[in-house]
Amino acid sequence: KTVTISRAQGSVTFPANFMMVAAMNPCPCGNHGDPVKTCTCTASTVSRYQKRISGPLLDRIDIFVEVPRVDYEKLTSPDAVEGSTEVRRRVETARERQRSRFVGTAIQSNSDMGPSEVWNHCQLEEAAQRLAKTAMEQLHFSARAYHRTLKLPRTIADLAGSETVNVAHLAEAIQYRQRELA
């Protein structure tokens with residue numbers, strides 16, 4: 001929870017606890033994979049563009065979400081959606097559940113867990129264990145990605161009000177892992 005800035009004159013360390021939110025286009029023209037606009041980039045250009053972010057940095061990102069084009073009808077539809085007040089209530093309840101779980105420790109949320117806390121608080125039911133093994137083998141997770149993938153379903157379960165992490169929570173977390181864009 002620190003950041004160190006090193007320059008020729010010396011290094012300075014500052015306290016830092018933050019949540020990074022980042023966005024990027026799928027290619028230089030921004031249209032790769034768009035069902036309406038045609039991408040003007042070559043396959044090699046798309047690949048080179050996507051590889052500009054290093055694997056170790058990508059490995060440290062917990063959630064990847066592709067945001068496709070939204071049709072006018074969806075934007076203007078009066079269909080009921082969960083309101084921000086309800087979302088806030090669920091998040092506050094989940095955060096309180098996490099604070100209670102880690103009382104007496106320096107940990108404040110699931111994202112702060114290390115491997116031993118993951119082992120203690122992210123136990124998976126048998127079906128979820130099989131899914132985790134399959135995901136690890138087929139998606140070639142690093143140890144870091146595996147542990148991050150176990151923390152996220154714990155949070156999803158907290159948001160759902162569930163004491164246990166089940167296969168649905170894990171499946172949702174796995175779908176948020178980074179996949180090849182090209």
Side-chain angles (χ1 to χ4, degrees), residues 1-7 11-27 32-33 46-68 90-91 94-182:
K1 300 203 179 201
T2 62
V3 63
T4 302
I5 299 173
S6 298
R7 296 289 181 254
S11 295
V12 181
T13 300
F14 297 100
N17 188 11
F18 66 94
M19 178 186 304
M20 182 178 81
V21 178
M24 75 178 274
N25 286 329
C27 66
H32 182 73
V46 173
S47 179
R48 191 170 46 253
Y49 179 81
Q50 292 174 0
K51 290 179 181 175
R52 289 173 40 188
I53 300 178
S54 74
L57 178 61
L58 291 172
D59 215 20
R60 289 169 169 82
I61 297 174
D62 294 333
I63 300 174
F64 293 82
V65 179
E66 184 177 329
V67 183
R90 282 193 312 115
V91 170
R95 294 289 297 211
E96 183 53 42
R97 185 182 308 260
Q98 292 173 32
R99 280 190 288 275
S100 296
R101 179 179 301 127
F102 301 118
V103 71
T105 71
I107 298 172
Q108 295 181 23
S109 68
N110 293 339
S111 65
D112 295 333
M113 287 190 285
S116 64
E117 291 85 17
V118 168
W119 179 257
N120 290 330
H121 300 291
C122 300
Q123 292 294 314
L124 304 173
E125 61 183 22
E126 190 175 329
Q129 287 177 14
R130 288 192 303 272
L131 176 59
K133 181 179 184 204
T134 300
M136 180 90 178
E137 292 169 352
Q138 291 183 359
L139 301 175
H140 310 290
F141 285 169
S142 66
R144 179 182 293 113
Y146 177 72
H147 282 105
R148 287 189 174 284
T149 303
L150 291 181
K151 289 187 218 183
L152 187 53
R154 175 68 269 166
T155 300
I156 293 167
D158 289 342
L159 286 166
S162 176
E163 289 297 322
T164 60
V165 177
N166 65 37
V167 71
H169 302 135
L170 180 62
E172 182 177 345
I174 290 169
Q175 80 178 18
Y176 292 133
R177 289 305 306 168
Q178 189 229 4
R179 291 180 280 293
E180 291 297 320
L181 299 173

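For reference, positions follow the sequence shown, starting with 1.
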Run Asp112 and Gln98 through side chain to side chain contact (heavy atoms under 4.5 Å, CB included) and show every step you take.
CA-CA 10 Å; Asp112 295 333; Gln98 292 173 32; over 6 Å; no
Do any pairs count as a ring pair (Phe, Tyr, Trp, His ring centres under 6.0 Å) and have a residue in residues 136-167, sequence neighbours left out, and if so which ones?
none
So, for [X] and [Y], which heavy atoms are closest and what is the spacing to 0.1 Å?
| X | Y | value |
| --- | --- | --- |
| Met113 | Cys122 | CE-SG, 3.5 Å |
| Lys1 | Asn17 | NZ-ND2, 3.5 Å |
| Leu159 | Arg90 | O-NH1, 3.6 Å |
| Ala157 | Thr164 | CB-O, 3.6 Å |
| Leu58 | Phe64 | O-CZ, 3.4 Å |
| Arg148 | Asp62 | NH1-OD1, 2.6 Å |

What is the distance from atom [atom1] of [X] to atom [atom2] of [Y], rounded to the nearest 0.5 Å?
| X | Y | atom1 | atom2 | result |
| --- | --- | --- | --- | --- |
| Ile63 | Ile156 | CD1 | CD1 | 7.0 Å |
| Arg97 | Ser162 | CZ | OG | 8.0 Å |
| Asp158 | His169 | CG | NE2 | 9.0 Å |
| Ile174 | Gln138 | CD1 | CD | 10.0 Å |
| His121 | Ser116 | NE2 | OG | 8.0 Å |
| Gln129 | Glu126 | CD | CD | 7.0 Å |

Can you confirm whether [X] sits close enough to [Y] that some side-chain heavy atom of one is under 4.5 Å from a side-chain heavy atom of the other?
| X | Y | result |
| --- | --- | --- |
| Val118 | Arg154 | no |
| Leu139 | Thr134 | no |
| Leu124 | Leu150 | yes |
| Arg177 | Leu152 | no |
| Arg95 | Ser109 | yes |

Between Lys151 and Glu117, is there a side-chain N and carboxylate O pair less than 4.0 Å apart?
no
Would you say the side-chain atoms of Arg60 pair up with the backbone N or O of Pro56, donor to acceptor, closer than 3.5 Å?
yes
With no hydrogens and no angle check, is any side-chain donor or acceptor of Gln50 less than 3.5 Å from a backbone partner on Cys27?
no
Is it the case that atom CD in Glu125 sees more than 12 heavy atoms from other parts of the structure closer than 6.0 Å?
yes
